[in-house]
Amino acid sequence: MVDMSVDLGGLAMRTPVATASGTFGYGREYEGLVDYSALGAVTAKGVRMSPWPGNPAPRHVEVPGGMINAIGLQGPGAEHFVKWTLPRVRALGVPVIANVWGGSAEEYAQAAAILDAAEGVAAIEMNVSCPNVKEGGHTFGSSPQTLAATVRAVRPAVRKPLIVKLAPNVPDFAPYLKALEDEGADAVSMINTMPAMAIDIEKRRPVLGNRTGGLSGRCIHPVAVKAVYDAHRASRLPILAMGGVYGPEDAIELMLAGATAVAVGTATFTDPRTAERVAAGIAAYCGRHGFAAAREITGALQEQDPC
Ligand SMILES: Cc1cc2nc3c(=O)[nH]c(=O)nc-3n(C[C@H](O)[C@H](O)[C@H](O)COP(=O)(O)O)c2cc1C
């Protein structure tokens with residue numbers, strides 16, 4: 001019997017497989033379809049302090065190997081989430097990671113405090129890929145300095161494990177990871193979607209209402225593997241990896257590169273039971289390769305040819 005439990009910076013997960021924010025509703029939408037006991041955690045769709053309308057339609061488009069979305073983080077706000085949604089997700093008996101965002105560092109901290117205090121939230125994940133309205137619209141994660149300042153504002157408001165989610169489009173992860181370590185984050189999640197665009201050539205217009213969006217799915221998987229590999233070599237922070245996990249082999253690749261756990265995102269749209277299948281496949285892989293525990297796969301990449 002393989003021990004599937006992992007510890008993600010203080011978040012105890014019974015399997016190393018979670019769902020990725022924004023791709024699994026607020027957690028309970030798949031009730032009756034998915035065996036939640038196979039999941040290590042569910043990550044809720046991003047919430048901010050107050051309700052947010054999101055972007056104009058169309059909000060997503062399918063592209064080869066994935067999709068581009070520009071939902072624009074539509075949501076009902078932190079208090080609504082805690083009062084109306086969380087009690088029903090909590091009843092499913094799976095740890096809930098609350099994903100938080102804001103227009104300023106103060107807003108992040110306010111929303112994070114509400115979520116941290118809520119019964120049933122097991123950890124907080126900060127999405128730093130949204131625009132900083134006070135500082136010219138650059139994302140909070142676009143420079144190590146802004147990232148550090150944002151985490152510094154949030155950390156005192158959060159007693160539960162604090163996970164910070166990074167975007168893949170930076171030249172070098174090392175200064176970002178250093179900022180997270182210095183500011184006391186417990187774990188890093190990666191990767192968020194990659195900036196992308198699709199054009200309708202007949203109308204000569206952008207396909208998405210927001211013009212641009214974020215690319216996700218199978219096509220970004222190798223980018224995620226490289227990001228996790230680099231991050232694992234640059235930092236000791238545990239990694240929750242996502243990006244094109246469609247089957248156990250994708251998850252195992254990310255774990256060999258250094259991830260402690262993985263999250264299934266876009267694949268859920270085509271097969272809602274992907275995360276369950278991934279967890280079963282990781283257990284089978286461990287059995288075949290003589291790993292007594294799934295956590296032994298983390299970083300077990302063999303760089304040297306043994307011959
Ligand atoms: C429709 C959609 C909505 C998303 N919403 C969020 C969100 O609210 N917060 C967040 O941090 N990431 C969000 N993401 C990013 C995913 O959580 C994930 O990081 C990304 O899609 C890469 O994983 P995948 O290729 O398995 O989908 C969203 C992705 C999609 C496709």
Side-chain angles (χ1 to χ4, degrees), residues 20-26 43-57 59-60 67-81 97-116 121 123-155 157-158 162-170 173 176 179-180 183 185 187-197 206 208-216 220 224 227 240 242-243 263 265-266:
S21 181
T23 64
F24 204 74
Y26 289 97
T43 311
K45 186 169 154 48
V47 287
R48 63 176 269 154
M49 260 313 285
S50 37
W52 190 253
N55 286 328
R59 290 172 159 194
H60 68 272
M67 65 184 276
I68 308 175
N69 93 81
I71 308 293
L73 298 160
Q74 179 194 341
E79 272 159 6
H80 184 282
F81 170 75
I97 303 174
N99 180 282
V100 65
W101 70 282
S104 65
E106 299 74 42
E107 262 190 36
Y108 268 94
Q110 286 166 0
I114 293 172
L115 296 165
D116 186 67
V121 168
I124 306 285
E125 178 179 65
M126 285 173 67
N127 174 7
V128 293
S129 301
C130 54
N132 181 342
V133 283
K134 281 192 189 160
E135 286 180 26
H138 296 299
T139 67
F140 289 91
S142 61
S143 85
Q145 293 75 18
T146 314
L147 178 67
T150 314
V151 178
R152 197 175 307 138
V154 172
R155 180 71 270 191
V158 174
L162 180 62
I163 307 165
V164 181
K165 183 164 178 180
L166 297 182
N169 50 323
V170 296
F173 285 105
Y176 295 84
L180 298 189
E183 301 304 333
V188 57
S189 53
M190 60 192 341
I191 56 176
N192 212 321
T193 54
M194 299 190 68
M197 185 175 186
L208 296 170
N210 187 56
R211 295 161 190 251
T212 62
L215 182 66
S216 65
I220 68 165
L240 174 62
M242 61 280 285
T266 302

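No experiment lies behind these values; they were computed from the predicted model shown.
In this structure, the side chain of S21 engages the main chain of A44 through a donor-acceptor pair within 3.5 Å. Not a single donor-acceptor pair under 3.5 Å links the side chain of K165 to the backbone N or O of L240. In this structure a side-chain-to-backbone donor-acceptor pair under 3.5 Å is missing from W101 to S129. Using modelled atom types, one side-chain atom of N55 and one backbone atom of A70 make a donor-acceptor pair closer than 3.5 Å.
Taking CG of N127 as the reference point, atom NZ of K45 lies at 10.5 Å (rounded to 0.5 Å). Rounding to the nearest 0.5 Å places CD1 of I114 at 12.0 Å from CZ of R48. Atoms CD1 and CD, from I163 and E125 in turn, are 5.5 Å apart once rounded to the nearest 0.5 Å. Going from atom CG of L115 over to atom CE of M49 covers 9.5 Å, rounded to the nearest 0.5 Å. Separation of atoms OG1 (T43) and CE (M242) is listed at 6.0 Å; rounding is to 0.5 Å. Separating the OG1 atom in T150 from the CE atom in M126 is a distance of 5.5 Å, to the nearest 0.5 Å.
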Do I124 and L162 pass the side-chain contact (heavy atoms from CB on, under 4.5 Å) test, and can you show the C-alpha distance, the side-chain angles, and the key distance before you say yes or no? CA-CA 5 Å; I124 306 285; L162 180 62; 4.1 Å; yes
Could you go through L166 and L147, starting from their C-alpha distance and side-chain angles, then the distance that decides it, and tell me whether this counts as side-chain contact (heavy atoms from CB on, under 4.5 Å)? CA-CA 10 Å; L166 297 182; L147 178 67; 4.0 Å; yes
Report the C-alpha separation of E183 and R155 in whole Å, then their side-chain angles, then the decisive distance to 0.1 Å, and conclude whether the side-chain contact (heavy atoms from CB on, under 4.5 Å) test is met. CA-CA 7 Å; E183 301 304 333; R155 180 71 270 191; 5.8 Å; no
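In this structure, G243 and I220 approach most closely via the heavy-atom pair CA-CD1, 3.9 Å. Smallest separation of non-hydrogen atoms from P168 and T193: CD-O, 3.5 Å. When all heavy atoms of Y108 and V100 are compared, the closest pair comes out as CE2-O, 3.7 Å. Minimum heavy-atom separation, A148 to A179: CB-CB, 4.0 Å. Contact detail for R59 and L208: the closest heavy-atom pair is C-CD2, 3.6 Å. When all heavy atoms of A109 and A153 are compared, the closest pair comes out as CB-O, 3.4 Å.
Note: F81 and Y26 have tilted aromatic rings, judged against thresholds of 30 and 60 degrees for the angle between ring planes.
Partners of F173 under the ring-ring contact (aromatic ring centres under 6.0 Å, His included) rule, at least two apart in sequence or in another chain, do not exist in this structure.
Counting heavy atoms from C-beta on, the side chains of H138 and T146 never come closer than 4.5 Å.
Counting non-hydrogen atoms of other residues, nucleotides and ligands closer than 6.0 Å to CD of E79 gives a total of 12 or fewer.
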